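See below for the structure under consideration.
Indexing begins at 1, ligand by ligand and atom by atom, following the structure's order. Reckoned from all heavy atoms, side chains included, excluding hydrogens, waters and symmetry mates. Keep in mind the model is a prediction, meaning the values are calculated, not measured.
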Amino acid sequence: MTHLMRAARLHTVGQPMSIDQVERPVAMGSDVVVEVKACGMVPNLANVLANWETWYPQMPLPPRPAIHGLDPSGIVHQVGPQVVNIKRGDRVYINPGRFCGACHHCSSGRPQACEHWTLGGYFGYNPKSLEMFSRYPYGGFGEFILAPQAQVIRIPDNMSFVQGSRMGYLGTSYAALKKCGSLMGKSLIINGATGTLGLGATLFALAMGIGKIYAVARGERLLERLKALSPERIVTFSNTQGSSGAFVKQQTGGSGADLMLDTLGAKAPLDSMLDAMGGVKRGGRIVNIGGTSGPLPVDVKWWMDEQMELMGSVWFTAAEGMEIAAMIGSGIIDMSVMTPMVWPLEKINEAISGVGKSDGGFTYYAVEI
Ligand SMILES: [Zn+2]
């Protein structure tokens, strides 16, 4: 017998989503069905829905009518017959990363490099993503969602479902910092530090032993709030006041910071990234997780002469999600510095247009189902 559920669906770009009755998923094989309690509202969603197919035609959106929703958390409702280690009633976050599970990259714990790599409920990275969307057509803006067991992450009791729905951006920042190697005593420029990714990166870098963070953003008010997280270890700079790279060089006696993370929003100016890169010292590593796009005029002689490493990082693995869940469970990361804004599923369209108007990364957005 078929059961129905409520889900917000996008039928046409430019039109509001509608709350539809659709078929509830059933877990087969090693898949899991989760009753969604909350799903993160990505500040970038309105932008993705409106512009992605024009800006990045190689990156497909889920076929319409589509159930979007990137960051779902909830309670396991049903497990397929081949599921191990997850049971009905578990409180979980679902990592929306989808991949083949069988290629060399997937087998090496690098699913983001898989040719099928896709963010469920959001967008894909190449035409093969359409195959992933057809296997897992549900996003988090519905009452139930289907997910492969390998992407189901148990969350600790002290993490609410709404907090769980903030996992995606936390994970993106955490995974990028892990690519920097040991942070103990090192110095790090975070460009776009007061945004959603920047705040997460700040919290994790502090927890992971960073010596000094050079937090670069535009607005002084949020920079002050960020500095209050660790006044001795965070140095702030508003790049409306001049060159962030020159500021960091000056602060470090001319040598620069060991590391840099770029966390700027979609289509942010490349100048800001390039300027901050000038503050990284010889042999430094620069990791990009932001939404800036376009050709970057990098001086390749500088790149070689100074042995710079430029690296991209996308999303995070389920293993990294488990590490974050453990850090929150043990109090190493305190999510109370961030405040949620929550809408019910019925107000999905208000939620899409209501994000991004508050306190940068200090506010996050979720839909409760
Ligand atoms: Zn693969």
Side-chain angles (χ1 to χ4, degrees), residues 25-34 39-40 42 44 48 52-53 56-63 66-73 76 79-86 92-140 145-154 167-181 197 287-291 293 309-325:
V26 175
M28 312 286 280
S30 56
D31 286 341
V32 173
V33 170
V34 171
C39 182
V42 184
N44 198 31
V48 167
W52 221 244
E53 287 165 319
Y56 308 117
Q58 76 280 13
M59 300 178 82
L61 297 189
I67 307 174
H68 285 271
L70 180 64
D71 277 309
S73 61
V76 173
V79 298
Q82 290 164 29
V83 169
V84 290
N85 206 27
I86 297 164
V92 297
Y93 165 78
I94 297 168
N95 186 329
R98 301 283 172 265
F99 43 87
C100 81
C103 70
H104 189 274
H105 286 305
C106 284
S107 304
S108 311
R110 291 161 36 87
Q112 295 99 317
C114 175
E115 288 187 4
H116 286 79
W117 174 252
T118 301
L119 289 174
Y122 202 28
F123 55 72
Y125 286 76
N126 66 65
K128 290 187 177 175
S129 294
L130 291 169
E131 205 178 318
M132 295 289 106
F133 284 134
S134 86
R135 285 186 199 187
Y136 297 99
Y138 305 88
I145 186 170
L146 182 71
Q149 64 172 349
Q151 293 295 76
V152 177
I153 298 160
R154 271 191 289 270
M167 182 79 98
Y169 276 52
L170 288 177
T172 298
S173 300
Y174 175 64
L177 288 170
K178 283 188 75 177
K179 290 185 176 74
C180 292
L197 289 170
V287 184
N288 178 29
I289 51 173
S293 69
E309 293 179 291
L310 311 182
M311 192 181 283
S313 183
V314 165
W315 207 245
F316 62 106
T317 63
E320 285 159 345
M322 290 171 197
E323 289 160 18
I324 293 167

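- Residues Pro137 and Ile67 fail the side-chain proximity criterion, which asks for heavy atoms closer than 4.5 Å.
- Side-chain contact check for Tyr138 versus Val33: every heavy-atom pair is 4.5 Å or farther apart.
- Using the six-membered ring where Trp is involved, Trp117 and Phe99 have ring planes that are parallel, under 30° apart on the 30 and 60° scheme.
- Remark: Tyr136 engages no residue in a ring-ring contact (aromatic ring centres under 6.0 Å, His included) (not counting sequence neighbours).
- Here the CG atom belonging to Asn85 is positioned 8.5 Å from the CD atom belonging to Gln149, to the nearest 0.5 angstrom.
- Any protein N/O/S atom under 2.8 Å from the Zn ion (ligand 1) was counted, giving 4 altogether.
- Within the model, atoms CG of Leu177 and CZ of Phe316 stand 13.5 Å from one another, a figure rounded to the nearest 0.5 Å.
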